[in-house]
Amino acid sequence: LNQKDTGYTFISNINFIGQQLSFGKYNASRVSAWDVRVRDCSFSYSPSAQSYDQGYGVYSSGLRSIYLFDCRAFLNDGDGFHHENSLPGSYITNCLEMDCYGFDNGNIDKMFSSTDVVNGFSVHNGVNSLRINCDAWLNRGPNFSDIGANSKSMQVSCNAWNSTASNSD
């Protein structure tokens with residue numbers, strides 16, 4: 001989904017199978033004030049077959065905000081939930097994930113299978129994230145991860161266990 005200006009998107013009760021769900025600002029010359037809300041959806045079996053599709057369950061970039069409630073991301077080639085600010089002039093995205101589960105991502109023998117960098121939940125390049133009552137397990141890398149300058153997250157009542165990364169304890 002590509003919102004070019006300002007807008008609000010609400011998605012509820014859909015199971016996305018076999019395709020990365022992307023919310024993004026793809027035009028670097030414009031700043032879009034786009035807010036996304038997702039409730040009770042699942043994201044699974046996203047392959048990393050195309051160069052623009054890294055196999056994430058949910059991918060967001062350059063949004064003003066994204067809120068996910070009661071969502072599940074599992075059995076994807078890439079991260080379950082992946083949020084970033086990758087373009088100049090992007091908003092500092094505020095992300096809320098509540099009662100979400102990211103599990104068994106990166107374990108299918110494809111693009112990322114040998115790199116141990118597939119997360120259940122990740123924020124990149126300055127995204128602010130609050131996670132409440134979220135669980136992550138059996139991901140091929142850190143279950144929760146903040147990557148890049150100024151990325152911040154707070155986990156409240158969250159659990160993580162049994163990473164399948166080759167260097168995990």
Side-chain angles (χ1 to χ4, degrees), residues 1-27 30-50 52-87 90-108 118-139 143-146 151-161:
L1 298 171
N2 185 4
Q3 180 74 29
K4 291 186 171 44
D5 294 311
T6 61
Y8 177 84
T9 300
F10 179 77
I11 298 173
S12 181
N13 296 308
I14 298 175
N15 296 321
F16 296 89
I17 300 170
Q19 182 62 47
Q20 171 176 294
L21 180 63
S22 297
F23 301 101
K25 177 177 131 349
Y26 299 104
N27 184 341
R30 303 170 94 167
V31 174
S32 69
W34 188 16
D35 299 295
V36 175
R37 306 296 180 261
V38 182
R39 177 176 291 285
D40 196 26
C41 291
S42 68
F43 313 92
S44 60
Y45 298 100
S46 178
S48 56
Q50 300 93 8
Y52 60 87
D53 189 342
Q54 300 298 308
Y56 305 128
V58 174
Y59 170 81
S60 71
S61 176
L63 305 178
R64 182 167 55 189
S65 67
I66 181 166
Y67 297 172
L68 297 112
F69 305 95
D70 301 308
C71 291
R72 296 145 316 276
F74 58 96
L75 295 170
N76 297 292
D77 282 353
D79 297 348
F81 298 94
H82 180 103
H83 310 289
E84 65 180 50
N85 288 323
S86 60
L87 297 172
S90 293
Y91 273 92
I92 300 300
T93 300
N94 292 308
C95 173
L96 170 66
E97 293 159 322
M98 182 180 281
D99 296 317
C100 293
Y101 304 100
F103 60 95
D104 208 12
N105 293 294
N107 293 310
I108 299 169
V118 178
N119 314 114
F121 297 82
S122 68
V123 296
H124 303 254
N125 306 322
V127 171
N128 299 314
S129 175
L130 173 61
R131 299 182 186 112
I132 301 171
N133 199 34
C134 294
D135 292 342
W137 66 96
L138 293 176
N139 295 292
N143 286 306
F144 293 99
S145 188
D146 300 345
S151 295
K152 299 176 190 112
S153 69
M154 176 184 283
Q155 281 73 238
V156 178
S157 297
C158 294
N159 298 293
W161 64 94

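Atom-to-atom distance recorded for Leu138:CG and Phe103:CZ is 9.0 Å, nearest 0.5 angstrom. With rounding to the nearest 0.5 angstrom, the OG atom of Ser129 is 10.5 Å from the CE atom of Met154. Rounding to the nearest 0.5 Å places OG of Ser122 at 5.0 Å from NE2 of His82. Atom NZ in Lys152 sits 14.5 Å away from atom SG in Cys95 (nearest 0.5 Å). Interatomic distance, OG of Ser12 versus CZ of Arg37, reported as 13.5 Å (0.5 Å rounding). Atom CG of Leu68 and atom SG of Cys100 lie 5.5 Å apart (nearest 0.5 Å).
In this structure, Ser42 and Asn15 approach most closely via the heavy-atom pair OG-OD1, 2.7 Å. The two residues Gly126 and Ser151 make their nearest non-hydrogen contact at N-OG, 3.1 Å. Heavy-atom minimum distance, Tyr56 versus Ser46: O-OG, 3.2 Å. Between Gly18 and Pro47, the shortest heavy-atom contact is O-CD, 3.4 Å.
Between the Ser153 side chain and the Leu130 main chain, no donor and acceptor come within less than 3.5 Å of each other. Side-chain N or O atoms of Asp40 include none that pairs as donor or acceptor with a backbone N or O of Asn13 at under 3.5 Å. Under a 3.5 Å cut-off, the side chain of Asn105 and the backbone N or O of Asn76 do form a donor-acceptor pair. The main-chain N or O of Gly120 is never found under 3.5 Å from a side-chain atom of Asn143 such that the two would form a donor-acceptor pair.
Side-chain atoms of Asp135 and Asn159 form a donor-acceptor pair, as typed in the model, at a separation below 3.5 Å. Between Asn85 and Thr93, the side chains place a donor N or O and an acceptor N or O closer than 3.5 Å (distance only, hydrogens not considered). Checking His83 against Glu97 by side-chain atom types alone, a donor-acceptor pair falls below 3.5 Å. Using modelled atom types, one finds a donor on one side chain and an acceptor on the other under 3.5 Å when comparing Asp35 with Ser65.
Using the six-membered ring where Trp is involved, Phe43 and Phe81 have ring planes that are perpendicular, over 60° apart on the 30 and 60° scheme. Note: Phe69 and Tyr67 have perpendicular aromatic rings, judged against thresholds of 30 and 60 degrees for the angle between ring planes. Between Trp137 and Tyr101, the angle of the ring planes goes over 60°, which puts this pair in the perpendicular group of the 30/60° scheme.
Inter-residue side-chain proximity for Tyr59 and Gln54 is flagged as unmet; no heavy-atom pair is nearer than 4.5 Å.
The existence of a salt bridge linking Asp99 and Arg72 is excluded, since no basic side-chain nitrogen approaches an acidic carboxylate oxygen closer than 4.0 Å.
The salt bridge (Lys or Arg N to Asp or Glu O under 4.0 Å) check on Arg39 picks up Asp70, with sequence neighbours excluded.
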Please evaluate residues Cys41 and Ile11 with respect to the criterion side chain to side chain contact (heavy atoms under 4.5 Å, CB included), reporting the C-alpha separation (whole Å), side-chain torsions for both, the decisive distance (0.1 Å), and the verdict. CA-CA 8 Å; Cys41 291; Ile11 298 173; 3.8 Å; yes

